[in-house]
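Report on the structure given below.
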Amino acid sequence: MRGAAGLAVLASVAGSLTLSACGFTPLYAEPAVGSSLRRIVVTTQDDRLGYRLREQLEDALAWDRAATPLYRLTTQVEQNRRSLGRRIDDTATRYELTVKATWTLTPASGGAPITGTETVTTTYAAADQPYAAIAAQQDGEERAASELARLIRLDLMQALSNP
């Protein structure tokens with residue numbers, strides 16, 4: 001058993017030496033990509049979905065309001081809603097919400113902007129009561145905005161980690 005444990009330790013040491021020799025740098029290592037993410041100011045379109053996306057992005061990026069922004073992130077959001085199931089009276093039972101966000105990251109000091117696009121699809125149930133139907137639609141929008149923020153954050157981390 002001691003031989004297997006020693007072999008495992010030797011393999012992990014060899015693996016860490018190999019990674020350090022190949023130039024691998026974790027995203028959160030110094031210089032940290034995370035500190036750059038905190039200094040991105042977000043602007044979105046002036047509607048409910050844009051507002052939700054901005055809130056989610058500010059949370060995902062851990063925006064530091066006290067620091068001078070290094071970048072400006074602008075987003076343009078388009079949504080499409082279509083009915084999925086139908087009842088016998090031809091009313092929808094579910095809806096599919098597809099939200100497409102096109103984003104542009106512009107350095108505050110000037111330079112070439114970085115752009116990207118992410119698309120998220122979510123579904124929600126259609127309710128018979130008006131309030132429940134509005135709440136279900138807004139919940140679908142909130143889930144879509146949350147997932148978009150997560151995907152855009154990953155795009156930004158990748159873009160900022162490449163020199």
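What you see is a predicted model, and the numbers here were worked out from it, not measured in a lab.
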Open item on the list: Please check: side-chain N/O of Arg39 versus main-chain N/O of Asp64, any donor-acceptor pairing under 3.5 Å?
Closed with: no
Task: Side chains of Arg153 and Leu57 in contact at under 4.5 Å (non-hydrogen atoms) - done: no
Task: Thr115 vs Thr102 side-chain heavy atoms within contact, under 4.5 Å - done: no
Task: From CD (Gln138) to CG (Leu49), nearest 0.5 Å - done: 11.0 Å
Open item on the list: For residues Trp63 and Ile40: do they belong to one hydrophobic cluster (side chain heavy atoms under 4.5 Å, members Ile, Leu, Val, Met, Phe, Trp, Tyr)?
Closed with: no
- [ ] For Asp59, enumerate each residue passing the salt bridge (Lys or Arg N to Asp or Glu O under 4.0 Å) test, keeping only those at least two apart in sequence or located in another chain.
- [x] none
Open item on the list: Between Leu148 and Thr75, is there a side-chain heavy-atom distance shorter than 4.5 Å?
Closed with: no
Task: side chain to side chain contact (heavy atoms under 4.5 Å, CB included), paired with Leu73, selected from Thr43, Val41, Ile152, Thr106 - done: Ile152
TODO: Go through Lys100 and Glu78 one step at a time and tell me if the salt bridge (Lys or Arg N to Asp or Glu O under 4.0 Å) criterion holds.
DONE: CA-CA 5 Å; Lys100 178 182 176 183; Glu78 301 171 18; 5.1 Å; no
Task: Gap separating the OG1 atom of Thr123 from the CZ atom of Arg82, nearest 0.5 angstrom - done: 11.0 Å
- [ ] Could you check Leu97, Thr98, Leu151 and say which one makes a side chain to side chain contact (heavy atoms under 4.5 Å, CB included) with Val120?
- [x] Leu151
Open item on the list: To the nearest 0.5 Å, what is the distance between CD on Gln45 and OG1 on Thr74?
Closed with: 11.0 Å
Task: Which atom of Ala132 lies closest to which atom of Ala127, heavy atoms considered - done: CB-CB, 3.5 Å
Open item on the list: Can you tell me if Arg143 has over 12 outside heavy atoms packed within less than 6.0 Å of its CZ?
Closed with: yes
Task: Any side-chain heavy-atom pair of Val77 and Thr44 under 4.5 Å - done: no
Task: Sub-4.5 Å side-chain heavy-atom contact between Ile114 and Tyr71 - done: no
Task: Heavy-atom closest pair, residues Tyr95 and Ala126 - done: CE1-CB, 3.7 Å
Task: Where Ser36 and Leu160 come nearest, the two heavy atoms and their spacing - done: CB-CD1, 4.0 Å
Task: Interatomic spacing from CD in Gln79 to CG in Asp47 - rounded to 0.5 Å - done: 7.5 Å
Open item on the list: To check you understand the geometry: which heavy-atom pair defines the closest contact between Thr122 and Ala144, and what is its length?
Closed with: CG2-CB, 4.1 Å
TODO: Report yes or no: do Gln56 and Glu147 form a side-chain donor-acceptor pair below 3.5 Å?
DONE: no
Open item on the list: Could you measure the distance from the CZ atom of Arg81 to the CD atom of Glu141? Nearest 0.5 Å is fine.
Closed with: 9.0 Å
- [ ] Working to the nearest 0.5 Å, report the span between CD of Glu96 and OH of Tyr124.
- [x] 10.5 Å
Task: Shortest non-hydrogen separation from Ala108 to Pro69 and the atoms involved - done: CB-O, 3.7 Å
Task: Pairing residues for Asp46 by the side chain to side chain donor-acceptor pair (under 3.5 Å) criterion, not counting sequence neighbours - done: none
